[in-house]
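Taking it in order: structure first as structure tokens, then the write-up.
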Amino acid sequence: MVRRNGRVESQRILLVCTSNPRLGDSDRETGVWAESLFAAYYFFQRKGYEVTLASVKGGKLPIDPKSVVTPYLTTVVKKGLTDDFLMARVNTTACIVYIDGAEFDGIFVVDGLGIMWDGVYNSEIIRVVQESLRSGRMVAAVGHGVAALCNVSDDKGNFIVAGKQMTGTTDTEEELLGAGGMVPFSIEAKLRKYGAIFRQGTSEMRPFATRSGSIVTGQNYASTLLTAEGLVEAMSLGVRMTLV
């Protein structure tokens with residue numbers, strides 16, 4: 001709980017999602033990765049946070065059809081898909097244009113291939129992340145969601161990823177997801193190009209997360225809970241430090 005304008009209120013988390021339903025100009029459908037969305041939502045809810053869902057265009061989120069079938073149809077995905085209250089929110093997300101990043105205690109960018117197209121150079125996502133960091137808040141991203149942080153700069157014009165230990169979807173994982181050669185760029189390569197110290201786990205598609213300063217990143221959708229836990233820890237401690 002935090003005090004705002006003299007009142008005690010629940011801390012607020014913003015989940016940022018893609019609105020893009022296709023891989024570039026191809027016919028392959030994509031969008032938000034279901035497990036990443038649902039696992040993050042339920043985790044923050046259990047911790048007592050007020051959760052807001054936002055997307056690039058607002059309205060209904062595209063859910064990657066590959067993420068809701070075997071072997072990705074996990075218990076949390078089944079729970080989310082049959083949760084009428086949550087699905088109503090998934091179908092009526094806020095538009096990022098109307099979001100003030102400083103009003104949230106933490107921002108979490110959800111995994112999903114779609115954000116590789118509509119989130120990387122999106123001025124509104126960049127603005128929201130900048131507002132959050134400028135206000136001393138914490139920002140997290142997982143998997144492809146990390147791409148949305150790559151072009152964010154600080155007040156001095158430096159990329160926020162520069163000098164930070166970061167992770168995100170690896171080139172090998174893109175191949176395993178069947179997206180190799182279809183994505184517009186390599187997250188791994190872009191992070192290194194912009195000065196980040198790229199880290200990854202010992203195995204592909206296994207949980208791995210890192211925190212550097214105000215930024216927490218997770219390697220893939222399987223890292224969602226670990227990344228969310230890192231964000232909550234960082235918010236609770238309010239300490240600028242690096243943990244791997």
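A distance-only check finds a donor-acceptor pair linking the side chain of Ser212 to the backbone of Gln165 [under 3.5 Å]. A donor-acceptor contact shorter than 3.5 Å links the side chain of Ser186 to the backbone of Ala189. In this structure, the side chain of Thr167 does not engage the main chain of Gly218 through any donor-acceptor pair within 3.5 Å. Within the 3.5 Å criterion, the main-chain N or O of Ile187 finds no donor-acceptor partner in the side chain of Arg192. A donor-acceptor pair under 3.5 Å is absent between the side-chain atoms of Asp154 and the main chain of Ile160, judged by distance alone. Using modelled atom types, one side-chain atom of Thr169 and one backbone atom of His144 make a donor-acceptor pair closer than 3.5 Å. Side-chain atoms of Arg89 come within 3.5 Å of backbone atoms of Val51 as a donor-acceptor pair (strictly under, hydrogens ignored). Formation of a donor-acceptor pair under 3.5 Å by the Arg199 side chain with backbone atoms of Thr210 is not found in this model. Remark: the backbone N or O of Val56 is not paired with any side-chain donor or acceptor of Glu124 at under 3.5 angstrom. A donor-acceptor contact shorter than 3.5 Å links the side chain of Ser55 to the backbone of Gly58.
Looking at heavy atoms from C-beta onward, Glu50 lies out of side-chain contact with Gln11 at the 4.5 angstrom threshold. Using a 4.5 Å heavy-atom cutoff, the side chains of Val128 and Ile96 are in contact. Side-chain contact between Thr52 and Phe104: present, with at least one pair of heavy atoms (C-beta onward) separated by less than 4.5 Å. Taking 4.5 Å as the limit, some side-chain heavy atom of Leu191 sits within range of a side-chain heavy atom of Val146. Counting heavy atoms from C-beta outward, Val90 and Leu53 have side chains that approach closer than 4.5 Å. A 4.5 Å side-chain heavy-atom check between Glu103 and Glu131 finds every atom pair outside the cut-off. Using a 4.5 Å heavy-atom threshold, the side chains of Phe38 and Thr74 count as separate. The closest side-chain heavy-atom distance from Ile125 to Val109 is not below 4.5 Å.
Side-chain heavy atoms closer than 4.5 Å link hydrophobic residues (I, L, V, M, F, W, Y) into clusters, and following such links, even through other members, never connects Val161 to Val216. Connection of Trp117 to Tyr121 is established within a shared hydrophobic cluster, with ILVMFWY side chains joined at heavy-atom distances below 4.5 Å, either directly or through further cluster members. Hydrophobic clustering, with ILVMFWY side chains joined whenever heavy atoms are under 4.5 angstrom apart, keeps Phe159 apart from Ile197. Both Val120 and Ile215 are part of a single hydrophobic cluster, where members link through side-chain heavy atoms under 4.5 Å apart. Cluster membership for Val77 and Tyr72, using ILVMFWY side-chain heavy atoms within less than 4.5 angstrom, is not shared.
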(request) Verify side-chain contact (heavy atoms from CB on, under 4.5 Å) between Glu35 and Thr224, making sure each step is shown before the conclusion. (result) CA-CA 8 Å; Glu35 182 174 341; Thr224 297; 5.8 Å; no
(message) Quick one, Asn220 with Val142, criterion side-chain contact (heavy atoms from CB on, under 4.5 Å). Give me CA distance, side-chain angles, the key distance, then yes/no.
(response) CA-CA 6 Å; Asn220 45 52; Val142 64; 6.0 Å; no
(request) Dump the intermediate steps for side-chain contact (heavy atoms from CB on, under 4.5 Å) on Val110 and Tyr41, then the final yes or no. (result) CA-CA 10 Å; Val110 177; Tyr41 175 85; over 6 Å; no
(request) Could you check Glu174 against Met182 for side-chain contact (heavy atoms from CB on, under 4.5 Å), going step by step and ending with a plain yes or no? (result) CA-CA 9 Å; Glu174 295 289 21; Met182 300 184 75; over 6 Å; no
(request) Might you work through the ring-ring contact (aromatic ring centres under 6.0 Å, His included) test for Phe108 and Phe44, ending with a clear yes or no? (result) CA-CA 10 Å; Phe108 189 98; Phe44 292 126; 5.6 Å; yes
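The shortest non-hydrogen separation linking Arg206 to Ser203 is CG-CB, 3.5 Å. What you find for Cys150 and Lys190 is that their closest heavy atoms are CB-CD, 3.6 Å. Across Ala94 and Ile99, no two heavy atoms sit closer than the pair CB-CD1, 4.2 Å.
In the model, Asp118 has no side-chain atom that pairs as donor or acceptor with a side-chain atom of Ser19 under 3.5 Å. Defined by atom type and a distance below 3.5 Å, a donor-acceptor pair is present between the side-chain atoms of Glu204 and Thr170.
The residues Arg134 and Asp155 are annotated as salt-bridged, a charged nitrogen and a carboxylate oxygen being separated by less than 4.0 angstrom.
With Ile13 as reference, Met235 is the one residue of Lys47, Met138, Met235, Gln45 to meet the side chain to side chain contact (heavy atoms under 4.5 Å, CB included) rule.
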Would you be so kind as to tabulate the donor-acceptor pairs closer than 3.5 Å made by side chains of residues 60-67, with sequence neighbours excluded?
{"from": "Asp64", "atom 1": "OD1", "to": "Lys66", "atom 2": "N", "distance (Å)": "2.9"}
{"from": "Asp64", "atom 1": "OD2", "to": "Thr30", "atom 2": "OG1", "distance (Å)": "3.0"}
{"from": "Lys66", "atom 1": "NZ", "to": "Leu177", "atom 2": "O", "distance (Å)": "2.9"}
{"from": "Ser67", "atom 1": "OG", "to": "Ala34", "atom 2": "N", "distance (Å)": "3.1"}
{"from": "Ser67", "atom 1": "OG", "to": "Asp64", "atom 2": "O", "distance (Å)": "2.6"}

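Atoms CZ and OG1, on Phe43 and Thr227 in that order, are 10.0 Å from each other to the nearest 0.5 Å.
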